[in-house]
Amino acid sequence: MRTDKLLCISIPTYNRAAVLEQKLEHELPICAQLGIDVYVYDSSTEQDTQELCEGYQQRRLDNLYYVAVAADVPSNDKIYRIWREGAQAGYQYVWMINDHMTCIDAQGLQYILQCLRGGADFYLLHMQAQAEAVQRYADLNAFFQEAAWRLNGFGTAILRTEHFLEGTDWSYYRQKYVRQPYMNYSQIGYYFERLAELAAPQIAEIRLPRAWFVDFWRHERPAWDADTIRICTECWCRTLLALPAVYRHKVAAIRTQDKWFLARFKLLQYRQEHLYGLKLFLRYGRYFYLLHGAAVGHDFLIALLPYAWSRKLYYGRLLALAEQARAAGQPLYVYGAGRHGMECAQLLQALNIEFQGFLVTSLHGNPRGVLRHPVQEAECVLTKETPYVIIAVLTSGAAEVATYLRQLNPRVPYASFDALV
């Protein structure tokens, strides 16, 4: 099939039919109205995903296409196939996104299509912004520093067929990046090396309000969680170091990795679960240093000390904050009802710290309760009282949340969770 449509959305998936169904139920009708085709690249070992897609096709949702992929094909090799086939089909732009992040507002997809008509070669998507906007980048190194970590997720880039995807030497990129230790970030290797090949590439960022999106997998730990130490140290660092020399200040870019993934709280969690210890620190210590600089001493101590000792050492500030709030009669809330908010709340419960519930920007797309605590809109709470708020979102989004909280109540005290541990 050859088309001239503006955009196709391609979704790699593996044994997650129930989650994929929630995404398709929301997006397929909207995409049909807007002329967007949706492809599901399925490498599941069961038949339920194929049956799900056939069910939608029988409902005459003919903008959905099912593509079977062998189960032993690595996921990052599968995304190279997605881009190659999207370009061959003639779509002007290809958006590869995971099977659990969903645009639940037609306005969001309409705005994306409007932005794509601007004709950039590469679009970075910021799906946690406060308001919609577009920013252009003229300097490749400035974009590298800004976008390196943000592009690690599936779904954060939309690629133009003309100029960007067309002309790609896919065999070269597969040979270089679809292997360890680069496998987990092979999309980043492709993005930045391909941009370096182009003369004056046009790059833009599309900022999209967080209320337009919901992550149906947000309370689940990722499938690769047990391998986080290796993936976030060696794989991340070596992928960026392997990029062309045109990219300067690679260590600075390495340190843009979101602090949440290897925060002291996370290392303590992995230490308790026997997923981190002195053996792993010694194996990946050089990469911990590239990431954390002088603060690598804390990574070493957490690996060395028994968990019970580290818990007393590193949770003292959080316990003191909770006691301060209790003594002042201030209620305590967690901002964020996703996986990070839940992890924060689970730790508070483990430390016997009472909190009143969770705050979010909008209830739209969010659960009404998490861990038997209510989820409320921040505006409803902060315009009536001045509680203490622990911000439990990715570190990269904490500053925007803090700005939002101050807009609602200039007197509200707050702290980022990963900064407290």
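Just so it is clear, the values below take in all heavy atoms, side chains as well, and ignore hydrogens, waters and symmetry mates.
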Which residues pass the side chain to side chain contact (heavy atoms under 4.5 Å, CB included) test with A129, sequence neighbours left out? H126, R207, E400
Paired with V334, the side chain to side chain contact (heavy atoms under 4.5 Å, CB included) test is passed by just one of L348, V393, V360, I391, namely L348
Give me each pair satisfying salt bridge (charged side-chain N to carboxylate O under 4.0 Å, His left out) with a member in residues 116-132, each pair once, sequence neighbours excluded. D121-R160
Can you tell me if E379 uses its side chain to pair, donor with acceptor, with the backbone of L408 under 3.5 Å? no
If only side-chain N and O atoms count, and only distance matters, is there a donor-acceptor pair under 3.5 Å linking T361 with Y335? yes
Residue pairs involving residues 289-317 (criterion salt bridge (charged side-chain N to carboxylate O under 4.0 Å, His left out); sequence neighbours excluded): none
Say whether E25 and Y56, considering side chains only, have a donor N or O and an acceptor N or O under 3.5 Å apart. yes
For the OG1 atom of T256 and the CD atom of Q145, what is their distance to the nearest 0.5 Å? 7.0 Å
Are the side chain of N63 and the backbone of V38 linked by a donor-acceptor contact shorter than 3.5 Å? no
With a 4.5 Å limit on heavy-atom distance, are the side chains of I30 and I36 in contact? no
Step by step, would you call K266 with E343 a salt bridge (charged side-chain N to carboxylate O under 4.0 Å, His left out)? CA-CA 9 Å; K266 293 298 292 183; E343 288 180 345; 3.0 Å; yes
How long is the straight-line distance from SG of C344 back to CZ of F355, given to the nearest 0.5 Å? 7.5 Å
Could you tell me whether a side-chain N or O of K23 sits under 3.5 Å from a main-chain N or O of M101, the two making a donor and an acceptor? yes
Using the ring-ring contact (aromatic ring centres under 6.0 Å, His included) criterion, which residues pair with F288? Sequence neighbours excluded. Y276, F281
Rounded distance (nearest 0.5 Å) linking atom OH of Y314 with atom CG of L268: 7.5 Å
Identified side-chain hydrogen bond (donor to acceptor under 3.5 Å, both in side chains) counterpart of N15 within the set T49, D42, T45: T45
Taking C-beta and beyond as the side chain, do Q346 and Q269 meet within less than 4.5 Å on heavy atoms? no
So does L359 get a backbone contact from the side chain of Q376, meaning a donor-acceptor N/O pair under 3.5 Å? no
Decide if atom CZ of R174 counts as having more than 12 heavy atoms of other residues, nucleotides or ligands within a radius under 6.0 Å. no
Is a donor on one side and an acceptor on the other found under 3.5 Å between the side chain of Q257 and the backbone of C232? yes
So, E193 and Y173: side-chain donor and acceptor under 3.5 Å apart, yes or no? no
E85 side chain to Y39 side chain, donor-acceptor N/O pair below 3.5 angstrom: no
Are N366 and F358 side-chain neighbours, meaning at least one heavy-atom pair lies under 4.5 Å? no
Which residue, T233, T228, D227, forms the side-chain hydrogen bond (donor to acceptor under 3.5 Å, both in side chains) with R230? D227
Is there a side-chain contact between L6 and Y93 in this structure, where contact means two heavy atoms from C-beta onward sitting under 4.5 Å apart? yes
Is it the case that over 12 heavy atoms from other parts of the model lie below 6.0 angstrom from the CZ atom of R136? yes
Taking salt bridge (charged side-chain N to carboxylate O under 4.0 Å, His left out) as the test, write out the residues that go with E273, two or more places apart. R221
Is any side-chain heavy atom of R264 closer than 4.5 Å to one of I302? yes
Show your working on ring pair (Phe, Tyr, Trp, His ring centres under 6.0 Å) between W236 and F261 and close with a plain yes or no. CA-CA 12 Å; W236 168 247; F261 290 88; 9.9 Å; no
Does Y123 reach the side chain of L159, with side-chain heavy atoms less than 4.5 Å apart? no
Kindly check if the number of other-residue, nucleotide or ligand heavy atoms within 6.0 Å of CZ (R179) is above 12? yes
Ignoring hydrogens and geometry, is there a side-chain-to-backbone donor-acceptor pair from E385 to P331 under 3.5 Å? no
Applying the ring pair (Phe, Tyr, Trp, His ring centres under 6.0 Å) test to Y190, which of F164, F122, Y185 qualifies? F164
Using side chain to side chain contact (heavy atoms under 4.5 Å, CB included) as the criterion, list what pairs up with T161, not counting sequence neighbours. A87, V94, L165, E166
Counting neighbours of CH2 on W309 that are heavy atoms of other residues, nucleotides or ligands and sit closer than 6.0 Å, is the number greater than 12? no
Go through the steps for D99 and R16 under the test salt bridge (charged side-chain N to carboxylate O under 4.0 Å, His left out), then give the verdict. CA-CA 8 Å; D99 57 10; R16 281 209 291 242; 3.0 Å; yes
Nearest 0.5 Å, please: how far is OG1 in T102 from CE in M127? 10.5 Å
Taking L363's backbone N and O only, do any of them form a donor-acceptor pair with R368's side chain (distance below 3.5 Å, no angle check)? yes
Does any N or O in the side chain of N141 come within less than 3.5 Å of the main-chain N or O of V246, such that one atom is a donor and the other an acceptor? yes
So F144 and Y247, would you call those rings parallel, tilted or perpendicular, with 30° and 60° as cut-offs? tilted
Pairwise side-chain contact, I11 with L24, heavy-atom cut-off 4.5 Å (strictly under): yes
So does S186 get a backbone contact from the side chain of Y80, meaning a donor-acceptor N/O pair under 3.5 Å? yes
Less than 4.5 Å apart, side chain to side chain, heavy atoms only: is that true for L291 and I254? yes
Without swapping roles, check the side chain of K250 against the backbone of L243 for a donor-acceptor pair under 3.5 Å. yes
For the residue pair W83 and Y191, categorise the inter-ring angle as parallel (less than 30°), tilted (30 to 60°) or perpendicular (more than 60°). tilted
